[in-house]
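Below: the structure, in structure tokens.
Each residue takes its place number in the sequence, starting with 1. Note that these values count all heavy atoms, side chains included, but never hydrogens, waters or copies made by symmetry. Predicted model only: the values in this text are computed from it and were never measured.
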Amino acid sequence: MTADLSPAGREAALAAAKGGTFDVAVVGGGVTGAGVALDAAARGLSVVLLEAGDLASGTSSRSGKTVHGGLRYLEQLNFALVAEALHERDLMVRTLAPHLVTPEPFLFPLTKRWERPYIGAGVLLYDLMAAAGRTGGRGGVPHHRHLTRRGALREAPGLDPRVVTGALQYYDGRMDDARHTLAVARTAAAHGAVVLSHAPVVDVLRDGPRVTGVSVEASGSRFDVTASVVVNAAGVWAADVQAMAGPPTFAVQPAKGVHLLVDQGAFDSRTGILARAEDSVIILRKWFGHWLLGTTDTAYDGDRRAPTVAREDVDYLLRNVNRYLARPLSRDDVLGTFAGLRPLLAPVARDAATTSALSRDHTVIEEPAGMVTVVGGKYTTYRRMARDAVDAVGRALGHTLPPSPTAGLPLVGAAGWQAVANRVPRLAAEYGVPEEHVRRMLHRYGDELPDVLAPIRTEPALGRPLPGADGYLPVEFQRAVTHEGALTLVDVLHRRTHLAIERTDAGLPAAPAVAALLAPLLGWDADRQALEVAAYRAEVERDRAGLAAEQPRAPVDGGASGTIART
């Protein structure tokens, strides 16, 4: 078995899906579906994973990019969720994905005297709950500490000294969500799962009352996939998938979360910030040389395929964070934006104004016969959600499965990453690549890094950034196709890399050159390359529509007609 999701591997996966009968067909290639595929494959089941778009193209690439216990959930008295998430956070940091998930400090700024004992008790409980969930005395992140006003300003000089009276500093985990979901899916493939992206499920097959598989459209054809159990992990589309099999028994209330990527120089700090907002909390966190500001939490009833950032979302985020900053952030500081939808299980009496109060616990629904649905939850607890869903698969199959082994199963890139980290200076010298590039790539590829760099040995140009895409090397764009399942330019520039949000021009000037680099790998002619660039431009313009509101629009030379809003 191999973890590589290559063009040739896709053809083999299509053939296997069309001709095989599986124990489990998983619908949805976000982190939950990928987690279910990994858990099921690791327990010895035959598995096919089906995703309508790209892996992680929905919520799982548009999250807050923080692995955390959920400090604010303590105030909601949801202790079980916090304890579970803290355990998973530490497991990811120390075992499952230490190359992708790293401890990150956060300050909770205090503005009133009474806040220190109140917030301090909550942060202390947060640490104690994390410690109680650890095994062998091994921790995942450092403990919290109290800071005076002077100490807070030493850590974050960009805070307003007229507002902040002190702070508590605590730790959670930072991650690249799209690449983490990709690693989960590739690890599932390494354990035998058939992984098919850009393969939407268009119908559910039934034999009488029992679900027996799904119908899929992929690569220009429609075919049936037979499975003993279908796991519905379709997120905000979960109720739609269940409805294909019969009357739905639940509803999903999508909650829109918006984030802004902010220039590193816009806020002077060595630490992220978590602070109270008007109706929840707001987080300004470090993210690979930038700041990431979020999030909103509002009911959403628009196009679930393309949630957009509205002007009021941007205003809300800037207004709330600026309450704490000496130098307010403006739209000029924003490099890019994105919006994602949280799939919250709706209550019987739906209140569209209070999605921040809806539960982040997950639910497993075992109906109709032959279908298991897992819905709700939060990114950090994906492994627990997957385990519970596969336990339900065992019940549907009518026999006991082995216990889930995924708590001790490092993801692709994790096992030898520390040894590769020790070789970073040597790798930089060997391939003639600046050390800062190699160190950045370490936290994308882990112990696969030497293999990623290897093509530079015979083709040195792959180690020199393309104009307009200086944050990445050409070898990374190629890797996205040869090993990581990318099939479109949007896949590569939005999720395998993050040019779409990391530059004010969204990498559009580099898009034609990247398309040309990928063309031989994917069989694109000149017309197809132009279509890919145009599709990428349209995606960027849609994502930035809210940020561009009431601002002049200026053309960007991206090799195709149209414009994109400057930020």
- Message: With side chain to side chain donor-acceptor pair (under 3.5 Å) as the rule and sequence neighbours excluded, what pairs involving residues 209-218 come up?
- Response: Ser215-Asp224

- Using the test side-chain hydrogen bond (donor to acceptor under 3.5 Å, both in side chains), find all partners of Ser46 that sit at least two apart in sequence or belong to another chain. Asp23

- Task: Please identify each residue that fulfils side-chain hydrogen bond (donor to acceptor under 3.5 Å, both in side chains) with Ser61, with sequence neighbours left out.
- Result: none

Can you give each donor-acceptor pair under 3.5 Å made by side-chain atoms of residues 241-250, sequence neighbours left out, with the distance rounded to 0.1 Å?
residue : atom : partner : partner atom : Å
Gln242  : OE1  : Thr249  : N            : 2.7
Gln242  : OE1  : Thr249  : OG1          : 3.4
Gln242  : NE2  : Thr249  : OG1          : 3.0
Gln242  : NE2  : Glu367  : O            : 3.1

- Task: Could you list the residues that satisfy side-chain contact (heavy atoms from CB on, under 4.5 Å) with Ala306, not counting sequence neighbours?
- Result: Asp303, Arg542

- Residues passing the side-chain hydrogen bond (donor to acceptor under 3.5 Å, both in side chains) test with Asp172, sequence neighbours excluded, are Arg89, Tyr126

- Of all residues at least two apart in sequence or in a different chain, which pass the ring pair (Phe, Tyr, Trp, His ring centres under 6.0 Å) check with Trp237? none

- Query: What residues form a ring pair (Phe, Tyr, Trp, His ring centres under 6.0 Å) with Phe106, not counting sequence neighbours?
  - Reply: Tyr170

- Pairs satisfying ring-ring contact (aromatic ring centres under 6.0 Å, His included), at least one member in residues 371-395, at least two apart: His180-Tyr379, His180-Tyr382

- Query: Once you round to the nearest 0.5 Å, how far does CG of Asn78 lie from CD of Gln76?
  - Reply: 7.0 Å

- Task: Sequence neighbours left out, what passes ring pair (Phe, Tyr, Trp, His ring centres under 6.0 Å) with His483? Give chain and number order.
- Result: none

- Query: Charged N to carboxylate O under 4.0 angstrom, Glu366 versus Arg395?
  - Reply: yes

- Query: Tell me, which pairs form a ring-ring contact (aromatic ring centres under 6.0 Å, His included) where one or both residues lie in residues 189-229, sequence neighbours left out?
  - Reply: none

- Set of residues satisfying side-chain hydrogen bond (donor to acceptor under 3.5 Å, both in side chains) with respect to Glu88, sequence neighbours excluded: Arg383, Arg384

